[in-house]
Amino acid sequence: DELVNFLKPADTDDSGSVSEDEFVKFWMSRTGENEDRSKKVFAMFDSDKTTVLGETIELDAQFGAFDYSNDGMVSKEEFLNVMLYYFAAVQKMVDMEMAAAYG
């Protein structure tokens, strides 16, 4: 599974799952995003709010909707579309927080 392989380096303690701390460090190193935004991305992936990623069901639920070709896999193009979606959603949350804080 491509998604599991993508997140495998984030599982630094080899537990088979990715904690919020592991994800945030991984995401920051891969994307250059700051800690706050990386935590927001994690929260979007953590659909069951367990603060752990890695369960097949959770990952399938998150990415199944982005398998546009319905081939059971998320291609590089589909994955990049997912990342653009998440970045846009995080940016919108940041913009809303800024507007609320500064009027």
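Values in this document were obtained by computation on a predicted structure and should not be read as measured data.
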With T31 via side-chain contact (heavy atoms from CB on, under 4.5 Å) - residues at least two apart: W27, E33, F87
T12: partners by side chain to side chain donor-acceptor pair (under 3.5 Å), with sequence neighbours left out: E22
Which atom pairs, one a donor and one an acceptor, fall under 3.5 Å between side chains of residues 94-103 and the rest of the protein, sequence neighbours left out?
{"unit_1": "D95", "atom_1": "OD1", "unit_2": "Q91", "atom_2": "NE2", "d": "2.7"}
{"unit_1": "E97", "atom_1": "OE1", "unit_2": "K40", "atom_2": "NZ", "d": "2.8"}
{"unit_1": "E97", "atom_1": "OE2", "unit_2": "K40", "atom_2": "NZ", "d": "3.1"}

Sub-4.5 Å side-chain heavy-atom contact between R30 and P9: yes
Atom of A10, atom of V18 and distance for their closest heavy-atom approach: CB-CG1, 3.9 Å
Which residues share a side chain to side chain donor-acceptor pair (under 3.5 Å) with D13, sequence neighbours left out: S15
Heavy-atom side-chain proximity of V41 to F23 below 4.5 angstrom: yes
Heavy-atom closest contact (N34 atom, D36 atom, distance): OD1-N, 3.2 Å
Nonpolar side-chain network containing V24, other nodes, edges under 4.5 Å: M28
